[in-house]
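Below: the structure, in structure tokens.
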Amino acid sequence: METSNYRRLQENLEYLKLKQIGLHLNAVLDANQTTPLSFIDTLLKLTDYEREVKEHNVTNAMIKVAAFPHLKTLNDFDFAFQEAISKDQILDLSSLRFLEKQENIVFQGSSGVGKTHLAISIGIIAAQNRNSTYFIKCHDLIQNLKAAHAENRLEAKLKTYAKYRVLIIDEIGYLPLAADDAKMFFQLIDKRYEKKSTIFTTNASFQSWIDIFQDPMIANAIVDRVLHHATVINIVGHSYRLKNHLQQD
Ligand SMILES: Nc1ncnc2c1ncn2[C@@H]1O[C@H](COP(=O)(O)OP(=O)(O)OP(=O)(O)O)[C@@H](O)[C@H]1O
Ligand SMILES: [Mg+2]
């Protein structure tokens, strides 16, 4: 390759922001001298470098946007500790089939059994596969909706939360909701119903959701929509947080 053309090629790559091709060009040219690749194979090799980094960046951005409180994955989950959980069922959920069917997941159980961990693990897989994903605690969600309502922006805020392909609403039932808050929550659930998947974690039975949402009609309407197309994983077991204490007993 002529020196001036080589320089022009480098300039083009820089101008087109094809940084990875620029970085790998010399190595590919050198390798080509001993083991020549076809034109197509050379281009493919170079564009693969570029694509790999771009995909990695997009994935990282999706995970950042999701606002997970931590990044624990299914590999970090000790299935042997929590016997009530079927690993196969969780692996099936991690295939993201539920997303295609706009189904929900509810992780139900007492404190420390792994509800949030599993919800995040599945959320991470969803985000890695380029599905817009967002994690929020129920209390924060309600506070944000209330603030938006006070500023006459409720509809816009509901639309924002309604658009995520996967919304994780963590900790339903830890704090009771005022009747008006329950109505806003219902509006969001209704907007997502049969359109988008929502993952819930809760320490309360569905019967006690009536107490949480105060108004039985609203509570029933919420539970109805949540459960119509849903996988409920009821985790009956010990708290992982108390694992070491349990072993000492
Ligand atoms: N089976 C498990 N294997 C590995 N780590 C686990 C397991 N279960 C829970 N943990 C860890 O224990 C801690 C508590 O789990 P998690 O936050 O998922 O509990 P939770 O069911 O959401 O509880 P809470 O109702 O109090 O929010 C986390 O650090 C989580 O990563
Ligand atoms: Mg939790």
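Values below: every heavy atom of this structure, side chains too, minus hydrogens, waters and symmetry copies. Given the structure is predicted, the values throughout are model-derived calculations rather than measurements. Both ligands and their constituent atoms are indexed starting at 1 by order of listing.
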Below 4.0 Å, non-hydrogen atoms only: which portion of [X] touches ligand 1? Side chain, backbone, both or neither.
X	result
Y240	side chain
Y174	side chain
K72	side chain
I235	neither

Inset, instruction - Consider every N or O of Q82 and every N or O of ligand 1, then say whether any pair is closer than 3.5 Å. - result: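 No, no N or O pair falls under 3.5 Å.
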Could you establish whether [X] and ligand 1 come within less than 4.0 Å of each other, counting only heavy atoms on the residue side?
X	value
N203	no
T201	no
G109	no

Inset, instruction - State, yes or no, whether a side-chain contact exists between I235 and L118 at a heavy-atom distance under 4.5 Å. - result: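 Yes, close enough: below the 4.5 Å cut-off.
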Legend entry - Geometric class of the H229/Y193 ring pair [parallel <30°, tilted 30-60°, perpendicular >60°]: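 Plane angle under 30°, so parallel.
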Legend entry - Aromatic ring pairing Y240/F81, orientation class (parallel under 30°, perpendicular over 60°, tilted between):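 Answer is perpendicular, since the angle exceeds 60°.
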Inset, instruction - State yes or no: are the ring centers of Y174 and H139 separated by less than 6.0 Å? - result: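 Centroid separation for Y174 and H139: 6.0 Å or greater.
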Inset, instruction - Determine the sole option in N220, T198, D190 for which the side-chain hydrogen bond (donor to acceptor under 3.5 Å, both in side chains) test with R225 is passed. - result: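 Only one option passes, and that is D190.
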Legend entry - Residue, atom name and distance, where the atom is the protein heavy atom closest to atom 13 (C) of ligand 1: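 Protein heavy atom at minimum distance: R241 CG, 4.0 Å.
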Legend entry - SB check K146 E151 (cutoff 4.0 Å):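 Judged by the 4.0 Å cut-off on N to carboxylate O distance, K146 and E151 do not form a salt bridge.
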